[in-house]
Undergrad: 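Before I ask anything, here is the structure I am working with.
Convention: sequence-line order gives letters A, B, ...; per-chain numbering from 1.
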Amino acid sequence: MARIDPIAISVFAALFLFVTVLGFFAARWRRGDLSQLHEWGLGGRRFGTVVTWFLLGGDLYTAYTFIAVPALIFGAGAVGFFAVPYATITYALMFVVFPRLWSVSRKHGYVTGADFVRGRFGNGTLALAVAVTGIVATMPYIALQLVGMEVVVAALGIKMDVVVPGIGLVHDFPLIVAFLVLALYTYSSGLRAPAMIAVVKDVLIYGTVLAAIVIIPAELGGYAKIFAAVDPAKLTLAADPLHNPGAVSYATLALGSALALFLYPHAMTGVMSASSRHVVKRNAVALPAYSLALGLIALLGYMAVASGVKTNPAYAAGFAQFGNNFAVPALFLKAFPSWFVGFAFAGIAIGALVPAAIMSIACANLFTRNIYREYFDPNCSPARESQVAKIASLVVKAGALVFILKMPTTDAINFQLLGGIWIIQTLPTMLMGLYTRWPNPWALLAGWASGIAAGTAMVLSLDFKGSTFVLHIFGMAIPCYAALSSLMVNLAVAVVLSAVFNAAARRPHVDATAAADYV
Amino acid sequence: MAEKREANKPGAEKPRRRRAIYLLLLVPIVATLWVPIYNRLDPEIAGIPFFYWYQLVWVPLAALFLYVVYRVEGGN
């Protein structure tokens, strides 16, 4: 950490500068009227198969993922690999369900998932619940992208605390600068900026992954030696289902995460910005290429174990500051030449900018459409709407920055964990809504509230030490991802109350959509 | 597989057949979530334990299943 490497820093800085220029240039790309929300916030719904592939890949496979997944493998072993089945099965859901969301959104001009809920169920309160859940679940996610960036910036030996004339000592100065630049080009270019930058990010990440899986095993003496260096008990899941990581908790973690992924606002933004429903389907087929890269990146955790970085005094300060999140940066510092360290770290840092931009745009769209226009200014002009969204995107990023600078990193991780459990509570509304108008909006709201309460209670009772809550069913103890078990509570409440409310209601709720809008 | 593949002509009984093809998507889901199938170390490939390469192999396989469904249902 203390070692400053001018070559690595130069390569890193040059790549960073390049994407900054690209970010501002993006406003001119496939020029549209950026004073319209669907132009600023959805790129005009004009992204074809290839651009969408880069955009969604950059959006879903974040810098934090690239740091945290191998870190979990490095520390806990096999359980960290749940990210692979998760990223495999989530695309079946995308393929089957989300073309319907694309079609109905195109037809009615919906920009957010909550817009759809408003139209389908004619209920502003339910739409507000979906919008607020989306914003609250995404904020800590944006904050965690900063953690990913912070780790690599620190690993390069760049000084984090800088004395700025007139202000005094500023902590995490490089992060503040990076986020300021990001905020400015997101403001001016909207979704076009991350779409363009995502291409650069992916070239860097794929290059890094290919180099890593060839060079590092060669240096360490092959994959057999790498796995031999790991405690054999960690290489598979514990056979005893009562202790983590058991098989049941592994499967529920993968399934719960896969169900939650496309409910996140930034994922929906990526889907809605596609130019046709076929683009959505083709991407569900092509996106697993990233999952393969993710699986290989996950294995870097074991390579870090085998390379002995943990006990190497050169990296002691990094591990002290960032814990196991320092495993991959330390491995790269040890295994790669300087220029390639700069290349790889730039991939991770830029990999933080892309999702941070899309997430803040998605939150801004939600705020503008489902809070501002719904409750404060129902008759606002399209130009005003776009202006509010641009400002909201700045506020969201400033909020994430304050979050990470003022609060301990563990808080961001805990909130992100809770965020995953909260966002899945919008599943009954979104998924059932895409197929039928039968559910009653007030019943869905009651289900949402009980799911959030149950999920939060489970995580709090574990004191944030995990998200696998042991359920006692018929005398058996089953460890299950809290998101999944709280979703069951939610679904049960929503379905039972829908039957009751619908029977009691004098007439059905207003549905602005027709069956033909979904296909 | 003697049936004609006329993806664009909506037939009376074709939509049902097209919908049935979606059941194929359950295969990768079951294969990757039924953990006892793969929660072991042997057989290894190139030094990589079964647990890891099995799940990695299912990534492109799942994409293949999606591709087959996409082709059969004619992209509708």
Side-chain angles (χ1 to χ4, degrees), chain A residues 73 77-78 81-96 99 217 221-228 230 232 235-239 241 245-252 254-255 258 276-278 281-282 284-296 298-299 302 519, chain B residues 5 7-12 14-76:
Chain A
I73 298 257
F81 217 64
F82 87 91
V84 176
Y86 154 29
T88 304
I89 59 178
T90 197
Y91 294 110
L93 183 73
M94 177 186 174
F95 183 92
V96 174
Y223 279 100
K225 280 220 171 113
I226 292 168
F227 283 100
V230 181
L235 282 176
T236 51
L237 302 166
V248 178
S249 57
Y250 186 84
T252 57
L255 180 60
S276 80
R277 60 187 278 123
H278 298 280
K281 291 201 168 189
R282 283 189 214 117
V285 178
L287 277 166
Y290 286 95
S291 305
L292 200 57
L294 175 65
L296 298 172
L299 293 181
Y302 287 144
V519 290
Chain B
R5 270 214 205 120
N8 294 324
K9 273 192 191 169
K14 259 173 202 152
R16 188 172 297 163
R17 184 151 46 82
R18 278 210 216 111
R19 235 172 278 149
I21 195 79
Y22 278 90
L23 290 174
L24 268 187
L25 298 181
L26 289 175
V27 177
I29 294 175
V30 171
T32 53
L33 291 186
W34 196 254
V35 182
I37 304 174
Y38 58 83
N39 191 19
R40 53 198 160 86
L41 295 174
D42 291 317
E44 291 182 357
I45 284 186
I48 301 176
F50 186 71
F51 182 84
Y52 300 91
W53 70 255
Y54 172 86
Q55 292 181 78
L56 283 175
V57 163
W58 266 106
V59 178
L61 276 183
L64 189 69
F65 274 85
L66 282 167
Y67 179 73
V68 168
V69 174
Y70 178 73
R71 291 308 300 245
V72 170
E73 56 129 43
N76 283 315

Undergrad: Could you state the interatomic distance from CG (B/Asn39) to OG1 (A/Thr236), rounded to the nearest 0.5 Å?
TA: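 It is 5.0 Å, given to the nearest 0.5 Å.
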Undergrad: Find the one option among A/Ala87, A/Ala251, A/Ala298 whose heavy-atom pairs under 4.5 Å with chain B are most numerous.
TA: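 Top option by heavy-atom pairs under 4.5 Å: A/Ala251.
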Undergrad: Check the orientation of B/Tyr70 and A/Phe95. Use parallel for under 30°, tilted for 30 to 60°, and perpendicular for over 60°.
TA: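 Geometry flag for A/Phe95 against B/Tyr70: perpendicular rings.
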Undergrad: Find the one option among B/Phe65, B/Tyr67, B/Phe51 whose heavy-atom pairs under 4.5 Å with chain A are most numerous.
TA: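 Heavy-atom pairs under 4.5 Å are most numerous for B/Phe51.
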Undergrad: Where does A/Tyr86 contact chain B at under 4.5 Å (heavy atoms): side chain, backbone, both or neither?
TA: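 Looking at A/Tyr86, nothing touches chain B.
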Undergrad: For each of B/Ile48, B/Leu61, B/Ile29, B/Leu26, tally heavy-atom pairs with chain A at distances under 4.5 Å, and name the one with the top tally.
TA: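 Highest number of heavy-atom pairs under 4.5 Å: B/Ile48.
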Undergrad: Between chain A and each of B/Ala46, B/Ala62, B/Pro49, B/Pro60, count heavy-atom pairs under 4.5 Å; write down the option with the most.
TA: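 Going by pairs under 4.5 Å, I would pick B/Pro49.
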Undergrad: Give, for atom CG of B/Leu56 and atom CG of A/Leu296, the distance between the pair rounded to the nearest 0.5 Å.
TA: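 These two atoms lie 6.0 Å from each other.
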Undergrad: Could you tell me if the side chain of A/Val84 sits less than 4.5 Å from the side chain of B/Trp58, heavy atoms only?
TA: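 A side-chain contact under 4.5 Å is absent here.
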Undergrad: Look at the aromatic rings of A/Phe81 and B/Tyr52 and report parallel, tilted or perpendicular, splitting at 30° and 60°.
TA: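 Aromatic pair A/Phe81/B/Tyr52 classed perpendicular.
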Undergrad: Spell out the residues in residues 30-37 of chain B that have some non-hydrogen atom less than 4.5 Å away from a non-hydrogen atom of chain A, in order of number; otherwise answer 'none'.
TA: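 Answer by number: B/Thr32, B/Leu33, B/Val35.
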Undergrad: Can you tell me which portion of A/Phe227 sits under 4.5 Å from chain B's heavy atoms? Options are side chain, backbone, both or neither.
TA: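 For A/Phe227, the contact with chain B is made by the side chain alone.
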Undergrad: Out of A/Leu287, A/Leu255, A/Val285, A/Val519, return the one with the most heavy atom pairs under 4.5 angstrom to chain B.
TA: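 With the most close heavy-atom pairs to chain B, the winner is A/Val285.
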Undergrad: Answer with side chain, backbone, both or neither: which region of A/Leu299 has an atom nearer than 4.5 Å to a non-hydrogen atom of chain B?
TA: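 Only the side chain of A/Leu299 comes within 4.5 Å of chain B.
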